[in-house]
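Each chain gets a letter, A, B and so on, in the order the sequences are listed, and its residues count up from 1.
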Amino acid sequence: MRYDNPDPDSFNPLVWSIVRQIPAGQVSTYGQIASMIPPPDGIEPPDFDRLGPRWVGDAMNAVSRIDDPTIPWHRVINAKGGISLPPGSKSAVLQRQRLEDEGVLFGKGETVDLNTVGWEGPDASWLRYHGFNPPRPLRKPPEAGGQLPLF
DNA sequence: CGTTTGACTACGC
DNA sequence: CGCGTAGCCAAAC
């Protein structure tokens with residue numbers, strides 16, 4: 001809603017189709033979802049990097065209005081691993097409850113460990129078929145040989 | 001009809 | 001690692 005999404009009616013369904021792919025027990029982020037969607041006509045990629053995540057948030061907000069039970073909106077959180085809904089709100093409590101029911105644990109700072117429960121993204125073939133881009137990884141790339149330095 | 005209010009994120013202290 | 005800032009619009013109040 002902020003930063004005028006020129007066409008939410010086209011954009012939102014793209015977001016929802018991706019969100020439906022997130023498996024139980026895992027989470028995605030607004031930014032990661034946006035990273036899979038090609039910039040709409042007329043939106044330059046640098047601008048979309050900035051606007052996309054917000055529009056994804058708007059799309060999630062729209063779910064609460066249409067109440068579509070096929071969209072696991074609770075599996076979309078912010079880049080910090082936290083819930084972006086107003087703390088204590090009915091929706092925020094429900095979101096955390098649903099995630100915990102799926103085995104997603106919240107640690108210090110009311111956040112989840114994206115490196116553990118962060119989604120790797122849809123199948124490559126699914127992405128290609130739907131014309132989406134590969135997702136930005138949420139998990140840190142496996143260190144080739146860094147963790148045990150010397151010796 | 002003016003104000004308020006956002007389901008964000010990268011980046012710099 | 002927590003906190004503040006920029007970006008900069010439309011709907012809901």
Rounded to the Å, how far apart are [X] [atom1] and [N] [atom2]?
X       : N      : atom1 : atom2 : answer
A:Ile22 : B:dA7  : CD1   : C1'   : 13 Å
A:Leu85 : B:dC8  : CG    : C1'   : 13 Å
A:Arg50 : C:dA6  : CZ    : C1'   : 9 Å
A:Asn5  : C:dA11 : CG    : P     : 11 Å
A:Lys90 : B:dA7  : NZ    : C1'   : 17 Å
A:Trp55 : B:dT9  : CH2   : P     : 15 Å
A:Asp7  : C:dC9  : CG    : P     : 18 Å
A:Gln32 : B:dA7  : CD    : P     : 21 Å

Quantified in whole Å, what is the [atom1] atom distance between nucleotide [N] and nucleotide [M]?
N      : M     : atom1 : answer
B:dT4  : C:dC8 : C1'   : 15 Å
C:dC13 : B:dA7 : P     : 12 Å
C:dG7  : B:dT5 : P     : 22 Å

For this session: Tell me whether the OP1 or OP2 atom of B:dA10 has a side-chain N or O from A:Arg136 closer than 4.0 Å.
Result: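 For B:dA10, OP1 or OP2 has a side-chain N or O of A:Arg136 closer than 4.0 Å.
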Exercise. Using 30° and 60° as the class limits, which term best fits the ring planes of A:Phe48 and A:Phe11: parallel, tilted or perpendicular?
Worked result: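 The rings of A:Phe48 and A:Phe11 stand perpendicular, inter-plane angle above 60°.
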Exercise. Out of curiosity, A:Ile77 CD1 to A:Leu85 CG, how far, rounded to the nearest 0.5 Å?
Worked result: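 Spacing of CD1 (A:Ile77) from CG (A:Leu85) equals 11.5 Å.
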Problem set entry | Heavy-atom donor-acceptor pair, A:Arg75 side chain to A:Leu99 backbone, under 3.5 Å |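 No, the answer is negative, given that no donor and acceptor are paired below the 3.5 Å cut-off.
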Exercise. Side chain of A:Gln95, backbone of A:Val76: donor and acceptor closer than 3.5 Å?
Worked result: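 Flag set: sc A:Gln95 to bb A:Val76 pair under 3.5 Å.
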